[in-house]
Visitor: 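Could you have a look at this structure, given as structure tokens, before my questions?
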Amino acid sequence: MGRTIAYLGPTGTYSETAALTYAESLEPDTGRLIPYPSIALALRSLVNRETDLAVVPVENSTEGSVVMTLDALWQLDGLQIQQELVMPIVNALLSRGTSLPEITEIYSHPQPLGQCQKWLETHLPNATLIPTNSTTEAIQRVENRPTAGAIASHRASQLYNVPILVEPINDYANNCTRFWVMGWTPSTEGNRLSLAFQIKDMPGALMKPLEVFAQRQLNLSRIESRPTKRSLGEYVFFIDVEIEPEQKPLAASALAELAEYTDELKVFGYYPVA
């Protein structure tokens, strides 16, 4: 029996496309996709042992980090990154309408709405933008409404038989999203390490964890803060570290020292980027 893979559904989302891409890299018939109504529930399905893997978006080149993913990863325990997928994202405007002047409402997930912000301001400045849980839900909302449009993928247009009015509508041609394949087994291969930590309340609290990597000449490719949601001014920091094979002993010692300067530390593991 193949492994089950959770993703943000329903069928037709960008997350499903990423999950299909990953499933195709497995042995034939070893990946069965299961949709969930939110990113948090897709990840929680791993914790509840309902699925074996989850494919979730982490960062977009236009809109930055997907905060729902980061928040869920901090709240859940034990999850490990198996692999990163970088996928090009081409947004299209789908509608039963026949011309742009007809469109008064635009539905989509907040990420595509942000990725197309300049285009929308230029071509549909008076349209109301309405966030949905997924791009597929956006299509369902405009099914029989010629004055409404949805931002989704070309594939979703074909799956749900809703015409494309304009494509592409990305603000930037090289629009890409990073997806993480999450599971339980730590990956021992890969040139990237990701982790998150909450710092202790003390002078220079953030400088000391960063020095742990700088002293070992380990390159940080990303650092981002998220509120802990417990108290104003408390933050969790997410970090990506570029690791060459010969640097893994240095990375191990950095993680050991890092524990001295943090209240809580979660290591999501090493992983390859595809």
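Since the structure is predicted, the reported quantities are computational estimates derived from the model, not experimental observations.
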Visitor: Of all residues at least two apart in sequence or in a different chain, which pass the side chain to side chain contact (heavy atoms under 4.5 Å, CB included) check with Asp52?
Guide: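 Once residues adjacent in sequence are excluded, the partners of Asp52 under the side chain to side chain contact (heavy atoms under 4.5 Å, CB included) criterion are Arg3, Thr4.
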
Visitor: When you measure from the side chain of Lys266 to the backbone of Leu195, do you find a donor-acceptor pair of N or O atoms at a distance under 3.5 Å?
Guide: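 Judged by distance alone, no pair lies under 3.5 Å.
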
Visitor: For Asp240, what residues pass the salt bridge (charged side-chain N to carboxylate O under 4.0 Å, His left out) criterion, not counting sequence neighbours?
Guide: Arg178, Arg222

Visitor: Apply the test side chain to side chain contact (heavy atoms under 4.5 Å, CB included) to residues Arg44 and Leu46: give CA-CA distance (whole Å), side-chain angles for both, the deciding distance (0.1 Å), then the verdict.
Guide: CA-CA 5 Å; Arg44 193 168 291 280; Leu46 283 175; over 6 Å; no

Visitor: Could you pull out all residues at least two apart from Ser153 that satisfy side chain to side chain contact (heavy atoms under 4.5 Å, CB included)?
Guide: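 Ser153 satisfies side chain to side chain contact (heavy atoms under 4.5 Å, CB included) with Tyr14, Arg155, Ala156 only.
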
Visitor: Between the side chains of Ser187 and Gln82, is a donor N or O closer than 3.5 angstrom to an acceptor N or O?
Guide: no

Visitor: With hydrophobic residues grouped by side-chain heavy-atom distances under 4.5 Å, do Leu220 and Leu255 end up in a single group?
Guide: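 Same cluster.
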
Visitor: Hey, what do you get for OG1 (Thr228) to CD (Glu234), rounding to the nearest 0.5 Å?
Guide: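 The distance works out to 4.0 Å.
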
Visitor: With sequence neighbours excluded, tell me which residues meet salt bridge (charged side-chain N to carboxylate O under 4.0 Å, His left out) with Asp171.
Guide: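 Asp171: no salt bridge (charged side-chain N to carboxylate O under 4.0 Å, His left out) contacts found.
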
Visitor: Please round to the nearest 0.5 Å and tell me the distance separating atom CZ of Arg216 and atom OG of Ser253.
Guide: 3.5 Å

Visitor: Under the ring-ring contact (aromatic ring centres under 6.0 Å, His included) definition, can you give me all pairs with a residue in residues 122-170, not counting sequence neighbours?
Guide: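 The answer is Trp119-His123.
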
Visitor: So, do Leu210 and Ile223 sit near enough that their side-chain heavy atoms are less than 4.5 Å apart?
Guide: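 Yes; the side chains approach each other to less than 4.5 Å.
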
Visitor: With side chain to side chain donor-acceptor pair (under 3.5 Å) as the test, pick out the partner of Gln115 among Asn170, Thr62, Asn175.
Guide: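 The side chain to side chain donor-acceptor pair (under 3.5 Å) with Gln115 is passed solely by Asn175 among Asn170, Thr62, Asn175.
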
Visitor: Could you see if Val90 belongs to whatever hydrophobic cluster contains Ile169? Use Ile, Leu, Val, Met, Phe, Trp, Tyr and a side-chain cutoff under 4.5 Å.
Guide: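 Different hydrophobic clusters.
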
Visitor: Are any of the side-chain heavy atoms of Thr11 and Thr136 separated by less than 4.5 Å?
Guide: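 No, their side chains stay 4.5 Å or more apart.
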
Visitor: Do Met207 and Ile199 share a hydrophobic cluster, counting only Ile, Leu, Val, Met, Phe, Trp and Tyr and linking them when any side-chain heavy atoms are less than 4.5 Å apart?
Guide: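 Not linked; separate clusters.
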
Visitor: Side chains of Pro10 and Gln140: does their closest heavy-atom pair fall under 4.5 Å?
Guide: yes

Visitor: Give a yes or no on whether Phe238 and Val273 share a hydrophobic cluster (residues Ile, Leu, Val, Met, Phe, Trp, Tyr; joining criterion: side-chain heavy atoms under 4.5 Å apart).
Guide: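 Same hydrophobic cluster.
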
Visitor: Please list, chain by chain and in numerical order, all residues satisfying side-chain hydrogen bond (donor to acceptor under 3.5 Å, both in side chains) with Glu143, sequence neighbours excluded.
Guide: Arg96

Visitor: Working to the nearest 0.5 Å, report the span between CD1 of Ile151 and CG of Leu94.
Guide: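 Separation between the atoms: 10.0 Å.
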
Visitor: To the nearest 0.5 Å, how far apart are CD in Gln198 and OG1 in Thr262?
Guide: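 It is 9.0 Å, given to the nearest 0.5 Å.
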
Visitor: Between the side chain of Ser61 and the main-chain N/O of Cys176, is any donor-acceptor distance below 3.5 Å?
Guide: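 Checked: pair present.
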
Visitor: Any donor-acceptor pair under 3.5 Å linking the side chain of Thr13 with the backbone of Thr135?
Guide: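 No, because the side chain of Thr13 does not come within donor-acceptor range (under 3.5 Å) of the backbone of Thr135.
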
Visitor: Please report the shortest heavy-atom distance between Leu43 and Ala54, naming the atom on each side.
Guide: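 Closest pair (atom of Leu43, atom of Ala54, distance): CD2-CB, 4.2 Å.
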
Visitor: If I compare all heavy atoms of Ser194 with all of Ile81, which pair ends up nearest, and what's the gap?
Guide: CB-CD1, 3.8 Å

Visitor: Would you say the side chains of Thr98 and Glu102 form a donor-acceptor pair under 3.5 Å?
Guide: yes

Visitor: Checking the side chain of Ser65 only, and the main-chain atoms of Val67 only, is there a donor and an acceptor separated by less than 3.5 Å?
Guide: no

Visitor: Return the minimal non-hydrogen interatomic distance between Ile103 and Gly149, and the atom names on each side.
Guide: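 Answer, listing the atom of Ile103 first, then Gly149: CG2-N, 4.0 Å.
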
Visitor: Over all heavy atoms of both residues, which pair between Gly64 and Gln111 is shortest? Give the atoms and the distance, please.
Guide: O-NE2, 3.9 Å

Visitor: Mind checking whether Ile5 and Val55 have side chains closer than 4.5 Å, heavy atoms only?
Guide: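 Yes. Closest side-chain heavy atoms under 4.5 Å.
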
Visitor: Treat each ILVMFWY residue as a node, draw an edge where side-chain heavy atoms are under 4.5 Å apart, and state whether Ile89 and Tyr172 are in one component.
Guide: no

Visitor: Quick check: does any side chain N or O of Thr132 sit under 3.5 Å from a backbone N or O of Ser108, one acting as donor and the other as acceptor?
Guide: yes

Visitor: How long is the span from the CG atom in Leu124 to the SG atom in Cys116, to the nearest 0.5 Å?
Guide: 11.0 Å

Visitor: Using 4.0 Å as the upper bound for N to carboxylate O, is an ion pair formed by Lys208 and Glu257?
Guide: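 No, this pair does not count.
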
Visitor: For the side chain of Ser15 and the backbone of Tyr7, is there at least one donor-acceptor N/O pair under 3.5 Å apart?
Guide: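 Here the side-chain-to-backbone pair does not exist.
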
Visitor: Between Val236 and Phe197, is a side chain to side chain contact (heavy atoms under 4.5 Å, CB included) present by the stated rule, with each step listed?
Guide: CA-CA 6 Å; Val236 175; Phe197 57 83; over 6 Å; no

Visitor: Output side-chain donor-acceptor pairs under 3.5 Å for residues 243-252, partner residues at least two apart or in another chain, one line each.
Guide:
{"residue": "Gln247", "atom": "OE1", "partner": "Glu244", "partner atom": "N", "Å": "2.9"}
{"residue": "Lys248", "atom": "NZ", "partner": "Thr188", "partner atom": "O", "Å": "2.6"}

Visitor: Not counting sequence neighbours, which residues clear salt bridge (charged side-chain N to carboxylate O under 4.0 Å, His left out) with Glu211? List them please.
Guide: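 So Glu211 forms no salt bridge (charged side-chain N to carboxylate O under 4.0 Å, His left out) with any residue.
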
Visitor: Please test Thr104 against Asn126 for side chain to side chain contact (heavy atoms under 4.5 Å, CB included), starting from the C-alpha separation and ending with a verdict.
Guide: CA-CA 7 Å; Thr104 59; Asn126 298 318; over 6 Å; no

Visitor: Could you identify which residues cluster with Leu41, counting Ile, Leu, Val, Met, Phe, Trp and Tyr as linked when any side-chain heavy atoms lie under 4.5 Å apart, either directly or through a chain of such contacts?
Guide: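 Listed partners: Ile34, Tyr36.
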
Visitor: Check Ala23 against Leu33 and note the closest heavy-atom contact, atom names and distance.
Guide: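 Between these two residues, the closest heavy atoms are CB-CD1, 4.0 Å.
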
Visitor: Kindly compute the distance separating CG (Leu120) from CG (Leu93), expressed to the nearest 0.5 Å.
Guide: 8.0 Å

Visitor: How close do Lys229 and Arg226 get, heavy atom to heavy atom, and via which atoms?
Guide: NZ-NH2, 3.6 Å

Visitor: Remaining members of Ile130's ILVMFWY cluster at a side-chain heavy-atom cut-off under 4.5 Å?
Guide: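 Hydrophobic cluster check, Ile130: joined to Tyr107, Val142.
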
Visitor: For residues 248-274, which residue pairs qualify under ring-ring contact (aromatic ring centres under 6.0 Å, His included), counting only residues two or more places apart or in two chains?
Guide: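 Pairs touching residues 248-274 that pass the test: Trp180-Tyr271.
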
Visitor: Give a yes or no on whether the backbone of Val267 and the side-chain of Gln80 come within a donor-acceptor separation of less than 3.5 Å.
Guide: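 Present.
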
Visitor: Test Val56 against every option in Val181, Val66, Ile39 by the side-chain contact (heavy atoms from CB on, under 4.5 Å) rule and name the one that passes.
Guide: Ile39

Visitor: Could you tell me whether a side-chain N or O of Glu224 sits under 3.5 Å from a main-chain N or O of Ile239, the two making a donor and an acceptor?
Guide: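 No; zero donor-acceptor contacts below 3.5 Å.
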
Visitor: Please identify each residue that fulfils salt bridge (charged side-chain N to carboxylate O under 4.0 Å, His left out) with Glu50, with sequence neighbours left out.
Guide: none

Visitor: Side-chain contact, heavy-atom cut-off 4.5 Å: Val58 with Phe179?
Guide: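 SC-SC contact between Val58 and Phe179 ruled out.
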
